[in-house]
Student: 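So that we are looking at the same thing, I have put the structure below in structure tokens.
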Number of protein chains: 2
Amino acid sequence: MQYITIKEGVASLIDRGELTANKKLPTERALAEQFQTTRVTLREALTTLEAEGKIHREDRRGWFVSPPSMIYDPTSTNNFNVMASKCGFVPSSKLIQAKQVGASQEVAELLNVPVDTQVYRIDRLRMLDDRPVVVTFNYVIMENFPGLLEHDIESSLTDVYRDQYQKPYAKTHFQIKTSSLLGETAQLLRASTGSPAMLVQRVNYCAEGVLLDCDIEFWRPHAIKIESTASVITTTKNN
Amino acid sequence: MQYITIKEGVASLIDRGELTANKKLPTERALAEQFQTTRVTLREALTTLEAEGKIHREDRRGWFVSPPSMIYDPTSTNNFNVMASKCGFVPSSKLIQAKQVGASQEVAELLNVPVDTQVYRIDRLRMLDDRPVVVTFNYVIMENFPGLLEHDIESSLTDVYRDQYQKPYAKTHFQIKTSSLLGETAQLLRASTGSPAMLVQRVNYCAEGVLLDCDIEFWRPHAIKIESTASVITTTKNN
DNA sequence: GAGTGGTCTAGACCACCGT
DNA sequence: CGGTGGTCTAGACCACTCA
């Protein structure tokens, strides 16, 4: 298992400080020569390091040492900007598109509406210190937010919900699993097709329990650490 | 991007029902021939499908169609057995080892104690329908549970905490990120070295806020879907 | 013992990035 | 435009699984 040795070799380059956060690793051909192996085996080693979040790829640009990840609390109403700032990053957002669409099967299930129900769809790319880290797809129940697309929705939807419509989030249901990045989502994140991803799906409700929207988020795994505290509901023994 | 086509080809075999849950895929050589490619490219395709949770590898045994995943609520005190049963699986556990050790750097930070503080360490392998899905490492503050190792700790620590010591969980702090499986952990899960994993770390407290234990869990990604509902704490605008 | 997956070699071509 | 990463080929050997 030569690739494990190589993996540890590269990891020690990082731990020893010869490679620092956001720095590009040497070219694959140079690393392959340095570790006396071929590119295929080298990439096996780098892919494993990537799975551990220590390094990541930028499509056609090479491998980079991953900086500390942002702490993401799915149970908080804090939006991306607030969570990023708390972790010492400079957040930014880019609106990819915003339009009215019919709900797909997946979205219809999340929003608990029939397929093809008209909803607002808002696609955004978000960055930390100008590094793209997540693509979000929001789907919004139209009747709760008439004329939503006329507001400034690039930065924070939660702010608009609260300030323009007096409908802040009060409850959220979230799902987290692993996935992969494909197509335009991968491109926006400067990731190679098929790169691993963290998939976060949320359904958000306001104080009265009314369903407001859902969002589907594709995160670069190295950029996120999910963290939260919960007071647990003790269930009876016979549950 | 031939491997994307192959990936979709294999995915459609599954969606069309030609391959069903827990069934072994044809051998790599057979699939490579079927899709007119080499094993290297085929494995690229299968690895991407694995990242999406549709299939998984068992070390030296081949690729298998992944069954539905278990829904895991990190904010719940429900233990593994309860969560598994709710999802229709038959849970089982195997005690790997239980002993007294000095806290490592990582564990010391989680438990907020000095390095080398004596703690109980309990390693277990847990299965759904006899498929190994997670390896858990529990580290327990000794003074809260004197003589803990004399109880039946194979199945459920939370039950022992509650029934034998009257100290149920009341609060939990959790972290989730991606990682990879190595060494004995990989072997226990019948996974290949370097396979992707979901890493869940928890710190658990009792009602009085006393820190009880922490656990570090390495999950097979295909076997778990994290899901929870939270009433969110609305923060002020100037936070 | 046959066949499988795990690992590795030694190349190749191309599109694209950065200069 | 040179060099890089993305992708692919056509093999090989070995340890291990399974029949």
Side-chain angles (χ1 to χ4, degrees), chain A residues 1-10 22-51 55-65 130-132 180-184 186-196, chain B residues 1-10 22-51 55-65 130-132 180-184 186-196:
Chain A
M1 293 188 302
Q2 185 179 344
Y3 77 94
I4 297 290
T5 312
I6 297 170
K7 191 202 83 168
E8 288 166 355
V10 176
N22 295 314
K23 201 157 178 182
K24 184 179 183 301
L25 270 63
T27 69
E28 292 183 355
R29 287 172 175 84
L31 281 171
E33 191 177 6
Q34 180 177 342
F35 288 101
Q36 305 252 327
T37 185
T38 58
R39 277 179 69 207
V40 173
T41 301
L42 176 81
R43 285 169 68 96
E44 179 86 13
L46 296 180
T47 300
T48 306
L49 262 189
E50 182 186 36
I55 63 174
H56 62 277
R57 268 197 290 180
E58 294 191 21
D59 192 48
R60 292 177 190 284
R61 256 167 284 257
W63 298 85
F64 295 81
V65 179
D130 291 323
R131 297 175 290 110
S180 74
L181 298 173
L182 300 171
E184 197 193 356
Q187 278 176 37
L188 288 167
L189 292 170
R190 307 185 78 153
S192 306
T193 299
S195 296
Chain B
M1 291 190 304
Q2 185 180 345
Y3 77 93
I4 297 291
T5 313
I6 298 170
K7 191 201 84 168
E8 289 165 356
V10 176
N22 294 314
K23 201 157 178 183
K24 185 179 180 304
L25 271 64
T27 69
E28 292 184 357
R29 286 172 176 83
L31 282 172
E33 190 177 6
Q34 180 176 343
F35 289 100
Q36 304 254 327
T37 184
T38 58
R39 278 181 67 206
V40 173
T41 300
L42 176 82
R43 284 169 69 95
E44 180 84 13
L46 296 180
T47 301
T48 305
L49 262 189
E50 181 185 37
I55 63 173
H56 62 275
R57 267 197 292 181
E58 293 191 22
D59 193 49
R60 291 176 190 284
R61 257 167 280 258
W63 298 85
F64 295 81
V65 179
D130 291 324
R131 297 174 291 111
S180 74
L181 298 173
L182 300 171
E184 197 193 355
Q187 277 176 37
L188 288 168
L189 292 170
R190 307 185 79 154
S192 306
T193 300
S195 296

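Every value quoted in this text rests on a predicted model; they were computed, and no experiment measured them. Note: hydrogens, waters and symmetry copies are ignored here, and every other heavy atom, side chains too, is used. To find a chain, count down the sequence lines: A is the first, B the second, and so on, and within it residues start at 1.
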Student: Assess whether side-chain contact (heavy atoms from CB on, under 4.5 Å) is satisfied between B:T47 and A:T47, documenting all intermediate values.
Tutor: CA-CA 11 Å; B:T47 301; A:T47 300; 5.9 Å; no
Student: Regarding B:E28 and B:W63, is there a side-chain donor-to-acceptor distance under 3.5 Å anywhere?
Tutor: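 Yes - a donor-acceptor pair under 3.5 Å links their side chains.
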Student: Below 3.5 Å between N/O atoms, which protein atoms pair up with nucleotides 2-7 of chain D? Just atom names and distances, please.
Tutor:
from  : atom 1 : to     : atom 2 : distance (Å)
D:dG5 : OP1    : A:K24  : NZ     : 3.4
D:dG5 : OP2    : A:E28  : N      : 2.9
D:dG5 : N7     : A:R29  : NH1    : 2.8
D:dG5 : O6     : A:R29  : NH2    : 3.2
D:dG6 : OP1    : A:S192 : OG     : 2.8
D:dG6 : OP2    : A:R43  : NH1    : 2.8
D:dG6 : OP2    : A:R43  : NH2    : 3.4
D:dG6 : OP2    : A:R57  : NH1    : 3.3
D:dG6 : N7     : A:R39  : NH2    : 2.9
D:dG6 : O6     : A:R39  : NH1    : 3.1

Student: Do A:L182 and B:K7 have side chains that get closer than 4.5 Å, going by heavy atoms?
Tutor: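 SC-SC contact between A:L182 and B:K7 confirmed.
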Student: So do the side chains of B:R29 and B:Q34 get within less than 4.5 Å of each other, counting heavy atoms only?
Tutor: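 Result no, sub-4.5 Å side-chain heavy-atom pair not found.
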Student: In whole angstroms, how far is the C1' atom of C:dC17 from the CD atom of A:Q187?
Tutor: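 One finds 14 Å between C1' of C:dC17 and CD of A:Q187, rounded.
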Student: Just so I know, are the side chains of B:Y3 and A:T193 near enough to count as touching, which here means a heavy-atom distance under 4.5 Å?
Tutor: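 Yes; the side chains approach each other to less than 4.5 Å.
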Student: Quick one: A:Q36 CD to C:dA10 C1', roughly how many Å, whole number?
Tutor: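 In whole Å, C:dA10 C1' lies 15 Å from A:Q36 CD.
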